Q: 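One structure coming up, written as structure tokens, with questions to follow.
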Number of protein chains: 2
Amino acid sequence: MKFSSQEEYGLRCLLCLAREREGGGLAIPAISQAEGISTTYVAKLMRILRRGGFVKSARGKIGGYTLSRPPDQIVVGEVLALLGGRLFEPEFCDDHAGDLEVCTNSTDCSLRSLWRAVQFVVDQVLRKTTLQDLLRNEQKMTFWVSGLLNLSGEPNLKQLFKPL
Amino acid sequence: MKFSSQEEYGLRCLLCLAREREGGGLAIPAISQAEGISTTYVAKLMRILRRGGFVKSARGKIGGYTLSRPPDQIVVGEVLALLGGRLFEPEFCDDHAGDLEVCTNSTDCSLRSLWRAVQFVVDQVLRKTTLQDLLRNEQKMTFWVSGLLNLSGEPNLKQLFKPL
DNA sequence: ACAAATCTTGACAAATCTGTATAGATTATG
DNA sequence: CATAATCTATACAGATTTGTCAAGATTTGT
């Protein structure tokens, strides 16, 4: 299970715009330079983000990209879903009918339940995280995340660093 | 963010073995038929699982594969880490020193913190899930997962089905 | 009208992931 | 020993993802 390149770089481009105060826009070359991605790749990513409704574009000499909404109203989970799809797609195992019906294939469906459980906990985090939240530095971000997870105090912080 | 094919099919092969009571083994053709995967692909996956220490193999006419340990001692998170790697690799952003040091690059590191947070909640689920747990049917599995997530009762169950 | 800077689009090449093919090594059984 | 069934290992082709290229369209300012 990995984040795709498109998810990582797309989100970085969006963060780049979020860092511009008062909705100031950026052109592709500026984003490219700031993030160290080629201009053509930035163009491709921004096109996806535009069609997903997260940014607006303007052509011409003073054109560029701006966020469609303030950073605190752009949910990271929705951005990642656009760039990389969802972990658990409803079509994963279609042998069942109804919302809580039990599937005929117990093997597939125990996987299905597991996939859904993972999707659920991931959404718990990503639904509550906005671009604005990602503008903090790492230390603040770590404490904030700790709060998200209903952890409190120093000892639990260490859990964030514990390997599997 | 997706589970890879290798993660899904590898875990299915392992589940196939777990379903054999009393550590009875299975040969590649049997697993292939049970899961609908080609024998050659099963062979490739089982090789990975063997080198990861999750199964033992025996060659010859009465050979085949068996789990190295009982199903309740095989942690799904460890299996998936072998088959598909980790979401958050420690090398993700190496510009920092020490465990709680703040990275110089605030952008990279807010992503780093986010990735780590997602990894953390995923591990919360996958560390507590064993092959034995996955042998339940979907309904039992859904309730069990609900307990894992500190949810309780019918209303919260619905959360598992809520889209992003 | 023209030029310069910008975004837009589809096609393309390179890298990675998926799944298959093939040849070989090991072991039980007669 | 011979055979048949098994696992082992590497190499290979197809599909997908990643990232680039090139030609075009739009807008500003002169």
Side-chain angles (χ1 to χ4, degrees), chain A residues 1-14 16-17 20 24-68 80 82-87 89, chain B residues 1-14 16-17 20 24-68 80 82-87 89:
Chain A
M1 186 177 32
K2 296 280 187 187
F3 283 109
S4 67
S5 283
Q6 191 163 286
E7 285 172 289
E8 174 175 341
Y9 291 128
L11 186 51
R12 282 189 182 179
C13 289
L14 217 48
C16 218
L17 289 179
E20 296 296 310
L26 285 178
I28 287 175
I31 301 173
S32 165
Q33 188 164 14
E35 294 299 329
I37 315 173
S38 75
T39 55
T40 53
Y41 195 23
V42 170
K44 182 177 197 166
L45 294 168
M46 295 313 292
R47 179 193 182 188
I48 296 171
L49 290 168
R50 173 178 56 83
R51 301 210 281 196
F54 294 106
V55 300
K56 286 178 295 190
S57 66
R59 293 210 253 203
K61 201 161 188 175
I62 60 168
Y65 288 96
T66 56
L67 296 182
S68 297
L80 292 178
L82 171 70
L83 292 166
R86 299 267 292 164
L87 198 56
E89 309 278 1
Chain B
M1 187 175 32
K2 296 282 188 188
F3 284 108
S4 67
S5 282
Q6 190 163 286
E7 285 172 290
E8 175 175 340
Y9 290 127
L11 186 51
R12 283 189 180 177
C13 290
L14 218 47
C16 219
L17 289 179
E20 296 297 309
L26 285 177
I28 288 174
I31 301 174
S32 164
Q33 188 164 14
E35 294 299 329
I37 316 173
S38 76
T39 55
T40 52
Y41 195 23
V42 171
K44 182 178 196 167
L45 295 168
M46 295 312 292
R47 179 194 182 191
I48 296 171
L49 290 167
R50 173 178 55 84
R51 301 210 283 196
F54 294 107
V55 300
K56 286 179 297 192
S57 67
R59 293 211 253 203
K61 201 160 186 177
I62 60 168
Y65 289 95
T66 56
L67 295 182
S68 298
L80 292 178
L82 171 70
L83 292 165
R86 301 266 293 162
L87 200 56
E89 310 278 2

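These numbers were taken from a predicted model, which means no experiment stands behind them. Below, chains carry the letters A, B, ... as their sequence lines are ordered, and counting in each starts from 1.
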Q: What N/O pairs connect the protein and nucleotides 20-22 of chain C at under 3.5 Å? Give each pair on its own line.
A:
unit_1 : atom_1 : unit_2  : atom_2 : d
C/dT20 : OP2    : B/Ser38 : OG     : 2.3

Q: To the nearest 0.5 Å, what is the distance between SG (A/Cys16) and CE (A/Met46)?
A: 9.0 Å
Q: Figure out the CD1/C1' separation between B/Ile48 and D/dT8, and round it to whole Å.
A: 13 Å
Q: Specify the separation, in whole Å, of atom CD of A/Glu8 and atom C1' of D/dT17.
A: 15 Å
Q: Write down the atom of A/Lys2, the atom of B/Arg86, and the distance for their closest heavy-atom approach.
A: NZ-O, 2.6 Å
Q: Please give, in whole Å, the distance from C/dT18 C1' to B/Glu35 CD?
A: 18 Å
Q: If you compare every side-chain N and O of A/Ser5 against the phosphate oxygens of D/dT17 (OP1, OP2), does one of them come in below 4.0 Å?
A: no
Q: Nearest whole Å is fine: how far is D/dG19 P from A/Ile28 CD1?
A: 16 Å
Q: Taking for each residue the nucleotide of DNA chain D with the nearest heavy atom, is it B/Arg47 or A/Lys61 whose nucleotide lies nearer the 5' end?
A: B/Arg47
Q: Taking the nucleotide of DNA chain C with the closest heavy atom to each, which residue, B/Ser4 or A/Gly64, is nearer the 5' end?
A: A/Gly64
Q: On a heavy-atom basis, which atom in A/Arg47 and which in A/Tyr65 lie closest, and how many Å separate them?
A: N-OH, 4.4 Å
Q: Side chain of A/Arg59, heavy atoms from C-beta onward: which of C/dA28, D/dC7, D/dG24 has the nearest atom to it?
A: D/dG24
Q: Does a side-chain N or O of B/Arg50 approach OP1 or OP2 of D/dA9 to a distance below 4.0 Å, or not?
A: yes
Q: How far apart are the C-alpha atoms of B/Leu45 and B/Glu35, what are their side-chain angles, what is the distance that settles it, and do they pass the side-chain contact (heavy atoms from CB on, under 4.5 Å) test?
A: CA-CA 13 Å; B/Leu45 295 168; B/Glu35 294 299 329; over 6 Å; no
Q: Minimum heavy-atom separation for A/Leu49 and A/Gly10, please, with both atom names.
A: CD1-O, 3.6 Å
Q: Considering just the side-chain nitrogens and oxygens of A/Ser57, establish if one lies under 4.0 Å of OP1 or OP2 belonging to C/dT8.
A: yes
Q: Roughly how many Å is it from NZ in B/Lys2 to C1' in C/dC17, rounded to a whole number?
A: 15 Å
Q: Would you mind reading off the distance between B/Tyr9 atom OH and C/dG19 atom C1', rounded to a whole angstrom?
A: 10 Å
